[in-house]
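Report on the structure given below.
Atom set for the values below is all heavy atoms of this structure, side chains included, hydrogens, waters and symmetry mates excluded. Convention: sequence-line order gives letters A, B, ...; per-chain numbering from 1.
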Number of protein chains: 4
Amino acid sequence: MTEHRSGPVRSAVAREAILSATATLLVDEGWDHLTIEGIARAAGVGKQTIYRWWSSKGALVAECLLDGRFFAVEPVVGDTGDLRRDLRDWLTPVLHFLNTPTGRSLLHSLVAAATEEAGVGAHLSEAFGADRLLADRLRAAVAARELPPGTPVDQLGHAVFGALIFEVLSKDEIDVAAFLDLVEFLLGPRTALFAPAAPPAPA
Amino acid sequence: MTEHRSGPVRSAVAREAILSATATLLVDEGWDHLTIEGIARAAGVGKQTIYRWWSSKGALVAECLLDGRFFAVEPVVGDTGDLRRDLRDWLTPVLHFLNTPTGRSLLHSLVAAATEEAGVGAHLSEAFGADRLLADRLRAAVAARELPPGTPVDQLGHAVFGALIFEVLSKDEIDVAAFLDLVEFLLGPRTALFAPAAPPAPA
Amino acid sequence: MTEHRSGPVRSAVAREAILSATATLLVDEGWDHLTIEGIARAAGVGKQTIYRWWSSKGALVAECLLDGRFFAVEPVVGDTGDLRRDLRDWLTPVLHFLNTPTGRSLLHSLVAAATEEAGVGAHLSEAFGADRLLADRLRAAVAARELPPGTPVDQLGHAVFGALIFEVLSKDEIDVAAFLDLVEFLLGPRTALFAPAAPPAPA
Amino acid sequence: MTEHRSGPVRSAVAREAILSATATLLVDEGWDHLTIEGIARAAGVGKQTIYRWWSSKGALVAECLLDGRFFAVEPVVGDTGDLRRDLRDWLTPVLHFLNTPTGRSLLHSLVAAATEEAGVGAHLSEAFGADRLLADRLRAAVAARELPPGTPVDQLGHAVFGALIFEVLSKDEIDVAAFLDLVEFLLGPRTALFAPAAPPAPA
DNA sequence: GGCTAACCGAGACGGTACGTCGGGTCTTTAC
DNA sequence: GTAAAGACCCGACGTACCGTCTCGGTTAGCC
């Protein structure tokens, strides 16, 4: 039973123009300064067309996020068998990007958007790859016994990302080396391979 | 030799009224909806008096934060000798507060403010006590060899706080138990006391 | 071939409310005290709607003037064949009106408006009827040879009106009798009818 | 019994600086744009010093007017025995001055001031010399029987000045020749010398 | 020589209004 | 029925001045 109605259908052209304008303006101008009128103007679209399909500028940003319009994230974290090294290799360029004005401002904007729109927060870490990419690598590390069984991989990924957010919010510049060290600490002591099942038995 | 200037002096009454109104309105209405006009109205003050002394609403919030106008933080984390237990005891009420509408909204507001005003971000963790209180307890734990020497206590505190922020931004409700487990994991495996000087040297 | 534009059209309701509020407020409060915000408030209209169509409060007053919103001027100056008497009959109530607080203040306001907005000055005398009404009667007088041929009727009307303005600006109260006498003098000596063509040629 | 009190006396320096600044600013910026704060700033004076001695900016302008700070009026209207020619000679440069931007704007400003401050209106014509100078010349003309006895000389002078004001308010530029013609008409027909006592007896 | 008062500059204060921007809704015309 | 254009009411922006009020400092003139 397909739903059908008369009249023209949602304009894909308009949708694309709107989301594209949103992403561009957010990056260029920041969350404050991002306005519906500005988006409509840049997209060559009526305001009503935006309001018809999205409830707020937060919703627009959330959809941009889902569409991956902000980062072209490296789709994988390498797996050389050395978890700590892999994470360093993956994190280092991310941290450097976040030390550029663009990177800082983009993260600021996305965090600001997240405070107003639940949908942005819910997908923020995914957009950075911290969700799937990082967690997957951690899961592999557990399987490979580089991390103890029972490690809360998803949460650990979020903690790393949370630390990153806080670092950006609270300092003028991320101390890359210190941050990498912190991540290393959070993973716990580098030990001999964990026994398959038994919990770590202190001597 | 102090610098002299004749003429009237800054009104302490106005300052207090403005900061107090700012704190109240931020808690009650949230960061968006917080307006200079609203603050002026609530404080019974001219707008110019605000602009004369603060450059933005972000600066106002930052000063409120420094004045500790948002939380009456428990001034200590207990020290029973059991770090994990002490942290649980300290964190639990904080987490529950952040699960109330007021708590959630306040953290959202402060994070939003931090994205616009560096000063807010710089003092956010202090306001929550995550800086001094938490780090001090961690330092004591290092001294008591509950944590390995060389633990980056300050950063660890920030990581915990960052994880907390991210949890609030990305979920509708904090899973208190899971978060406490995460913190426990971040502290590393519960081990016998660390040797005084030598770091654990895995083979 | 009219120029087309899609979209909504100027609201006649808003226009009427704005001009009506302007006229009322100008009469009641005076030129200073007349504010765009006050007009918008009284008209139940957004400020932007005013700024969209008028450039200043002067322009608003000018339009009110053109619409004849300040005076319901007696549409004719009587013509009994006696110019001086007709002018007295027409001027007397005007002068008395200008001796009331309302009349004085209205003329003050219009003159003040004229100093800021050329359009007000250009139509001031019309609004008082000094332009068409008075000049027409003078023209008739020239035709009837009550005034010499070549009398600059338009300018004479303006001079009478100018004298009136100056009287109101410079004195607390118009001396009605003296003003009427002045007008009589300005018309020149009451003479026998002027010869049709030849100007009076004194020896 | 003189009233006396201790303490310093009104500062002549401040008075001069304030009036001078007022005159300069009025000429340069116009009545609107003339502000107490601006005057205080330009005069290097506290606002209170202005408010202590004058009740409004209108009062300041009135005092400037009395001090003759706006025009250096030709102190006499010539008397060649030919009234019409003398008036032309005196009026022509005045009219040309009022056709300059400065002149126009100054008259506009003074008229605007007059609408707010009775004192300005009361002395406006004096400042232009229309009062004493013009009326004196007219009086002399009556004495010389160039004008009929009983001519309301003061009022006639005001009428000329009023016509001038209206001309400036209502047109972009004064038509000098037409204005001079008007004045000539207002003086009445050029006749043989009036008989000393008898009213003009038409043939 | 001190005291007292009024003067002065400076400028903070509670306000009102400015002219602009953007929000979200509604209306009109065109496709 | 969707879309562009944009007018509408509204609320906030940050600024300019208002007129009042403290300040600290500086003169008079009288005890």
Query raised in the report: Got a donor-acceptor contact below 3.5 angstrom from the D:Lys57 side chain to the D:Ala113 backbone?
Result: no
Report summary line: Residue pairs meeting side-chain hydrogen bond (donor to acceptor under 3.5 Å, both in side chains), one or both in residues 34-51 of chain D, sequence neighbours left out, come to D:Glu37-D:Lys47
Report task. With DNA chain F as reference, determine whether B:Gly38 or B:Val9 sits nearer its 5' end, using the nearest nucleotide of each. Result -> B:Gly38
Query raised in the report: Looking at the side chain of A:Trp53, which of F:dA3, E:dC13, E:dG19 is the nearest nucleotide?
Result: F:dA3
Query raised in the report: Hey, does C:Glu29 have a side-chain heavy atom less than 4.5 Å from the side chain of C:Leu34?
Result: no
Query - Interatomic distance where CG belongs to B:Asp32 and P belongs to F:dG11 [whole Å] - result: 17 Å
Query raised in the report: Distance-only, no hydrogens or angles: does the A:Arg69 side chain make a donor-acceptor pair with backbone N or O of A:Thr24 under 3.5 Å?
Result: no
Query raised in the report: Given atom CD1 of B:Ile39 and atom C1' of F:dG11, what is their separation to the nearest angstrom?
Result: 15 Å
Query raised in the report: Does any donor atom in the side chain of C:Ser56 or C:Glu116 lie under 3.5 Å from an acceptor atom in the other side chain?
Result: no
Query raised in the report: Within 45 degrees of the axis of the six-membered ring of A:Trp53 and under 6.0 Å from its centre: does A:Arg15 put its NZ or CZ there?
Result: no
Report task. Starting from the 5' end of DNA chain E, give me the residue, C:Leu34 or B:Arg10, whose nearest nucleotide shows up first. Result -> B:Arg10
Requested in this report: Measure from NE2 on B:His33 to C1' on E:dG22 and round the result to the nearest Å.
Outcome: 14 Å
Requested in this report: Specify the separation, in whole Å, of atom CD of B:Glu116 and atom P of F:dC13.
Outcome: 12 Å
Query - Distance, rounded to the nearest Å, where D:Trp54 contributes CH2 and F:dG19 contributes C1' - result: 17 Å
Requested in this report: With DNA chain E as reference, determine whether A:Ile36 or C:Ser55 sits nearer its 5' end, using the nearest nucleotide of each.
Outcome: C:Ser55
Query raised in the report: NZ of C:Lys57 versus C1' of E:dG19: gap in Å, rounded?
Result: 14 Å
Query - For atom CZ of A:Arg15 and atom P of F:dA3, their distance in whole Å - result: 13 Å
Query raised in the report: Which part of the nucleic acid, if any, lies within contact of C:Arg41, taking any heavy atom under 4.0 Å across all strands shown: a base, the sugar-phosphate backbone alone, or nothing?
Result: sugar-phosphate
Query raised in the report: Any side-chain heavy-atom pair from B:Leu106 and B:Phe70 closer than 4.5 angstrom?
Result: yes
Query raised in the report: Can you check the C:Tyr51 OH to F:dA7 P distance for me, whole Å?
Result: 17 Å
Under 3.5 Å, N/O pairs linking protein and nucleotides 14-16 of chain E:
from: E:dG14; atom 1: OP2; to: B:Gly46; atom 2: N; distance (Å): 3.4
from: E:dG14; atom 1: OP2; to: B:Thr49; atom 2: OG1; distance (Å): 2.9

